[in-house]
Amino acid sequence: MSEIKQTEVASTDKKEAAGEEKDWAAAKAHFENLKSTKPRPPKPKYAVTIAVSSRTLFDMVAERKIFEEEGLEKYVQHQQEHENEPLEQGPAFPFVKAVMAVNERLRNLYPDSEELFDIVLMTNNHAQVGVRLMNSINHYDLTIERFCMTGGQSPIGYLKAYMTNLYLSKDAKKVQEAIEEGIAAAIMFKPDVESQLSETQLRVAFDGDAVLFSDESEIIVKQHGLDTFFEHEKQHENKPLAQGPLKCFLEALGKLQKKFYAKNERLNCPIRTFLVTARSAASSGVRVLKTLRSWGLEIDEALFLAGAPKGPLLQKIRPHIFFDDQMFHIEGAKEMGTISAHVPYGIGQKYNKGKLIEPEKQQK
């Protein structure tokens, strides 16, 4: 008798589970079929996801000062009292606007595709500050629907959940943590002077060593000098360099570029990439180009500066963002109006302008 009851219970449980699954599938289908004039964010598994902090998207210097000098409660109170006043634009703002212009072009060419950029606001702000952030995003008509307000906690787990391709923040510690977890990340800096940037083409400039590539060759330069470095690169020109922290982001950009190429839009592609490296072309450039080729990646323009300052060329390029591992290159770019992002990775973090930083200074 008990066996019959157990069989009946098991059968009932299976039916209930099947019914619940069917209900869930119906609810999901209903949600996905809802119509809206606003574009829906793409699913993370298809998207090129860029997570930006509130302090990179908006200029929150004054608000940060209140937090540091008067504490969290006064900071939250200030944000609530001014929640109907839009925040000023921050260093990541032009980059985000350019990304959204690319999405518009992609949606015109591929109306049903979810291979798009997706911007996620990743902030350690408390939820009470969310109203001002949302009002500011609506004020500027930004398509940012996904928010993570972590209330002071680390965002790393959320970055992984969103399958983040790039994380931009002003918090060096969080950026370092992201890079150690294998997530492309950089610390953003606002330029000292403003430049007129393209509104129709996203322009992204990368340094090579310790950004797109590992720091293996840079270690040789720092420890053994240029002549040994040139000899090493010539001997290993057919051996691809190991990948650096931003290689995956270049790969993601390339994937979207190819969608335009497939529609015969190569000459009118709204994404353009640049390699801006201190390497010499003839002495050490071949290995770089062969590495990119071995990865199946293209770079639109490659500039080998042989140690010359990067600022003047970046001023001509006018990228929406420039990634470099060396702070003196970042500072030079900023001075000439380039929005820059420091990638704190590799042996270059132990040096400043070619000189080893003493351990005591490094800790400070």
Side-chain angles (χ1 to χ4, degrees), residues 44 47-65 67-68 72 75 79 87-99 117-127 129-130 132-133 136-137 142 144 146-191 204-207 210-211 244-246 248-249 252 319-327 329-331 333-334 338-346 348-349:
V48 175
T49 301
I50 299 169
V52 295
S53 74
S54 55
R55 288 199 293 143
T56 60
L57 184 60
F58 299 116
D59 185 342
M60 300 179 69
V61 173
E63 287 77 9
R64 181 71 179 179
K65 188 177 180 184
F67 172 76
E68 290 174 348
L72 177 61
Y75 167 78
Q79 295 285 40
L87 292 156
E88 295 296 318
Q89 299 175 15
F93 192 95
F95 175 69
V96 168
K97 286 289 285 184
V99 158
F117 286 109
D118 187 22
I119 304 295
V120 178
L121 188 70
M122 189 71 61
T123 174
N124 62 355
N125 268 295
H126 287 256
V129 180
R132 190 177 190 194
L133 293 173
S136 298
I137 282 169
L142 301 177
I144 301 177
R146 294 194 168 108
F147 275 48
C148 282
M149 291 175 277
T150 67
Q153 298 302 305
S154 171
I156 299 301
Y158 298 106
L159 293 172
K160 288 183 172 180
Y162 276 110
M163 303 166 71
T164 302
N165 297 93
L166 177 66
Y167 172 49
L168 299 174
S169 176
K170 291 185 78 69
D171 190 316
K173 187 178 178 182
K174 289 186 175 68
V175 166
Q176 188 70 61
E177 189 180 353
I179 288 174
E180 288 170 2
E181 291 293 327
I183 299 166
I187 307 157
M188 289 214 73
F189 292 89
K190 198 168 186 176
V204 183
F206 299 89
D207 178 31
V211 175
L246 269 292
C248 291
F249 183 57
H320 293 90
I321 193 166
F322 162 60
F323 297 99
D324 203 292
D325 67 304
Q326 307 266 11
M327 269 310 298
H329 285 311
I330 295 291
E331 288 161 2
K334 278 174 54 199
T338 297
I339 300 169
S340 304
H342 179 226
V343 181
Y345 172 84
Q349 309 317 302

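Counting heavy atoms from C-beta on, the side chains of Glu181 and Lys160 come closer than 4.5 Å. Thr56 places none of its side-chain heavy atoms less than 4.5 Å from the side chain of Phe93. In this structure, Ser54 and Asn125 have side chains that are in contact, with non-hydrogen atoms separated by less than 4.5 Å. With contacts defined as side-chain heavy-atom distances shorter than 4.5 Å, the pair Cys148/Thr123 does not qualify. Side chains of Ile50 and Thr164 form no contact here, defined as non-hydrogen atoms less than 4.5 Å apart. The shortest side-chain heavy-atom distance between Thr338 and Ile330 does not fall under the 4.5 Å cut-off. Looking only at side-chain heavy atoms (C-beta outward), Phe95 and Leu166 come within less than 4.5 Å of each other. At a threshold of 4.5 Å between non-hydrogen side-chain atoms, the residues Ile321 and Leu168 count as touching.
Listed by first and then second residue, the salt bridge (Lys or Arg N to Asp or Glu O under 4.0 Å) pairs that reach into residues 161-173 are Asp171-Lys174, sequence neighbours excluded. Sorted by first and then second residue, the side-chain hydrogen bond (donor to acceptor under 3.5 Å, both in side chains) pairs with a member in residues 87-97 form an empty list; sequence neighbours excluded. Counting only residues at least two apart or in different chains, salt bridge (Lys or Arg N to Asp or Glu O under 4.0 Å) contacts with residues 117-127 comprise Asp118-Arg146.
What you find for Pro91 and Ile339 is that their closest heavy atoms are O-CG2, 3.4 Å. The shortest heavy-atom contact between Ala210 and Val343 is O-CG1, 4.1 Å. Across all non-hydrogen atoms, the minimal contact from Pro245 to Ala184 is O-CB, 3.3 Å. Smallest separation of non-hydrogen atoms from Ala51 and Met122: CB-CB, 4.0 Å.
The ring-ring contact (aromatic ring centres under 6.0 Å, His included) search around Tyr345 returns none, not counting sequence neighbours. Shown here are the ring-ring contact (aromatic ring centres under 6.0 Å, His included) partners of Phe206, two or more places apart in sequence or in another chain: Phe323.
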### Query
Step by step, would you call Ile144 with Val120 a side chain to side chain contact (heavy atoms under 4.5 Å, CB included)?
CA-CA 6 Å; Ile144 301 177; Val120 178; over 6 Å; no
### Message
For Val96 and Val99: C-alpha separation, side-chain torsions, deciding distance, then whether side chain to side chain contact (heavy atoms under 4.5 Å, CB included) applies.
### Response
CA-CA 5 Å; Val96 168; Val99 158; 5.5 Å; no
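At least one donor-acceptor pair under 3.5 Å links the side chain of Gln349 to the backbone N or O of Asp325. No donor-acceptor pair closer than 3.5 Å links the side chain of Ser340 to the backbone N or O of Phe189. With hydrogens and angles disregarded, no donor-acceptor distance shorter than 3.5 Å links the side chain of Asn124 to the backbone of Thr150. Looking only at distances, no side-chain donor or acceptor of Ser53 sits under 3.5 Å from a matching main-chain atom of Ser169.
Within the model, atoms CZ of Phe117 and CG of Asn165 stand 9.0 Å from one another, a figure rounded to the nearest 0.5 Å. Interatomic distance, OH of Tyr167 versus OG1 of Thr49, reported as 14.5 Å (0.5 Å rounding). Once rounded to the nearest 0.5 Å, the distance linking CD1 of Ile156 with CD1 of Ile183 reads 5.0 Å. Considering CG of Leu133 and CG of Leu87, their distance stands at 6.5 Å, rounded to 0.5 Å.
In Phe147, the CZ atom is crowded: over 12 heavy atoms of neighbouring residues, nucleotides or ligands sit closer than 6.0 Å.
No donor-acceptor contact under 3.5 angstrom links the side chains of Glu331 and His342, judged on distance only.
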Which pairs of donor and acceptor atoms, one on a side chain in residues 57-65, lie under 3.5 Å apart (sequence neighbours left out)?
{"unit_1": "Asp59", "atom_1": "OD1", "unit_2": "Val61", "atom_2": "N", "d": "3.2"}
{"unit_1": "Glu63", "atom_1": "OE2", "unit_2": "Arg132", "atom_2": "NH1", "d": "3.0"}
{"unit_1": "Arg64", "atom_1": "NE", "unit_2": "Glu68", "atom_2": "OE2", "d": "3.2"}

